[in-house]
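Encoded as structure tokens, the structure appears first; notes follow it.
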Amino acid sequence: MPHEVRHEPDIAVLLPCYNEEPTIAEVVRRFREALPSAAIYVYDNNSRDLTALRARAAGATVIREPRQGKGNVVRRMFADIEADIYLMADGDGTYAPEDAPQLINTLLTERCDMVVGTRRGVTDDAGRSGHAFGNRIFNSLYKRLFGSDFTDIFSGYRVFTRRFVKSFPAVSGGFEIETEMSVHASQLKLPVSEIALDYGRRPEGSSSKLSTYRDGARILWMFAMLMKETQPLRFFGAFAMFFLGSSLFLMTPVLIEFAQTGLVPRMPTWVLSVGLLLLSMLSVVTGLILDSVSRGRAEQKRIFYLSMPSGRVERRERAAEQTALKPSRGKTPRAA
């Protein structure tokens, strides 16, 4: 019986950065200590300071992404890097690199495709009350729209398997990328897990890149777009109910007056109410058609996800098994 050879997984630490000169060197150093065998990649997103230089001096591989926005960086990272396990964090020092082994261990032992490090004390959010309020509102809204798989959809500290990374159709351009990851996992019902971790404050000289109102509006828009794509019947059904309610509100007095007098003196109101009723019916039909399309797309994504090995370790073992089963070239099997 041939001896079974086990391979250690290749781990890639991915750090998207924009103007993180004060913190990036320390973050890279601590990740190198926490995960000595991991490859550390810093993606510099048009920083105007010495982020790239500090990261390279600390031992990280630095790659530049010219398209501005965290979503663009994540899409590039996932396309470029080949590994078995991907760990994504921020370069601002708010996530503790010492927690990385715990996240990876959870991914392996629970056989998940994504583990999220939820943030203790995130409602304080480095003293910015607008961010704290937004976190509460958006997390509650996510539960109502997409399910209760996650309690902190904006956490940037995550670990993924290869098949999640290579099957994730990232379309977001900014900070809403974490929301898209969460919806992708919820839609396909992927095995996920959460671990509560301490969330630090930014050191002096480091500032948040989030804009409370601008990024909040973009995230809200992303919620609407993802709901349209994943739950079109529910999305267009809401419009149908609005149009139907408006139609009945305008139509009822006209019908009552017609029943009493036999006349329709408010013809424009009647025409508008009938138009709203037709829009309501059109919205329902649109939702039904797109719901079938959405279910087909979800099935295709699920099949593509299942067709991929979860990591390079599985591919190596599978290749070794196939090699062992193939006869050597130039030799014919000996007759019994």
Side chain proximity check, Phe236 to Leu282, heavy atoms < 4.5 angstrom: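 Sidechains of Leu282 and Phe236: no contact.
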
Note, Leu290 side chain near Leu233 side chain (heavy atom, < 4.5 Å):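 SC-SC contact between Leu290 and Leu233 ruled out.
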
Result of checking Tyr41, Phe31, Tyr86 against Val13 for side chain to side chain contact (heavy atoms under 4.5 Å, CB included):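 Checked Tyr41, Phe31, Tyr86 against Val13; only one passes side chain to side chain contact (heavy atoms under 4.5 Å, CB included): Phe31.
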
One thing to verify: whether [Y] and [X] come together as a salt bridge, which I'm taking to mean a side-chain N less than 4.0 angstrom from a carboxylate O.
{"X": "Glu229", "Y": "Arg297", "answer": "yes"}
{"X": "Glu65", "Y": "Arg75", "answer": "no"}
{"X": "Arg120", "Y": "Asp198", "answer": "yes"}
{"X": "Lys70", "Y": "Glu176", "answer": "no"}
{"X": "Arg30", "Y": "Glu33", "answer": "no"}

From CA spacing to verdict: ring pair (Phe, Tyr, Trp, His ring centres under 6.0 Å), Tyr142, Phe138: CA-CA 6 Å; Tyr142 183 93; Phe138 284 122; over 10 Å; no

Arg158 and Glu194: CA distance, side-chain angles, deciding distance, salt bridge (charged side-chain N to carboxylate O under 4.0 Å, His left out) verdict: CA-CA 9 Å; Arg158 301 180 182 228; Glu194 291 185 325; over 6 Å; no

Arg302, CZ: over 12 other non-hydrogen atoms inside 6.0 angstrom: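 Yes, the 6.0 Å shell around CZ holds more than 12 heavy atoms from other groups.
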
Residue Arg234 excluded, over 12 heavy atoms near CZ under 6.0 Å: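 More than 12 heavy atoms, drawn from other residues, nucleotides or ligands, come within 6.0 Å of this atom.
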
Donor-acceptor contact below 3.5 Å, side chain Asp49 vs main chain Thr51: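 Between the backbone of Thr51 and the side chain of Asp49 there is a qualifying donor-acceptor contact (under 3.5 Å).
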
Ring centre gap for Phe160 and Phe78 strictly below 6.0 Å: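 Aromatic pair counts; centres sit under 6.0 Å.
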
Interatomic distance, Leu244 atom CG to Ser273 atom OG [nearest 0.5 angstrom]: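 These two atoms lie 11.5 Å from each other.
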
Euclidean distance, Thr179 OG1 relative to Phe146 CZ, rounded to 0.5 Å: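 Result: 8.5 Å between the selected atoms.
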
Using distance alone, with no hydrogens and no angle criterion, decide if [X] and [Y] have a side-chain donor and acceptor under 3.5 Å apart.
{"X": "Gln187", "Y": "Thr230", "result": "no"}
{"X": "Asp80", "Y": "Tyr43", "result": "yes"}
{"X": "Ser186", "Y": "Asp149", "result": "yes"}
{"X": "Thr94", "Y": "Tyr157", "result": "no"}

From CA spacing to verdict: side chain to side chain donor-acceptor pair (under 3.5 Å), Asp44, Ser47: CA-CA 6 Å; Asp44 180 31; Ser47 296; 2.4 Å; yes

Verdict with reasoning, Arg64 to Asn46, per side chain to side chain donor-acceptor pair (under 3.5 Å): CA-CA 7 Å; Arg64 181 174 175 270; Asn46 300 318; 3.0 Å; yes

Those residues that, when tested against Leu279, pass side-chain contact (heavy atoms from CB on, under 4.5 Å) (two or more places apart):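 For Leu279, the residues satisfying side-chain contact (heavy atoms from CB on, under 4.5 Å) (neighbours in sequence not counted) are Phe243, Leu276.
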
Heavy-atom closest contact (Ala55 atom, Val62 atom, distance):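 Where Ala55 meets Val62 most closely, the heavy atoms are CB-CG2, 3.8 Å.
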
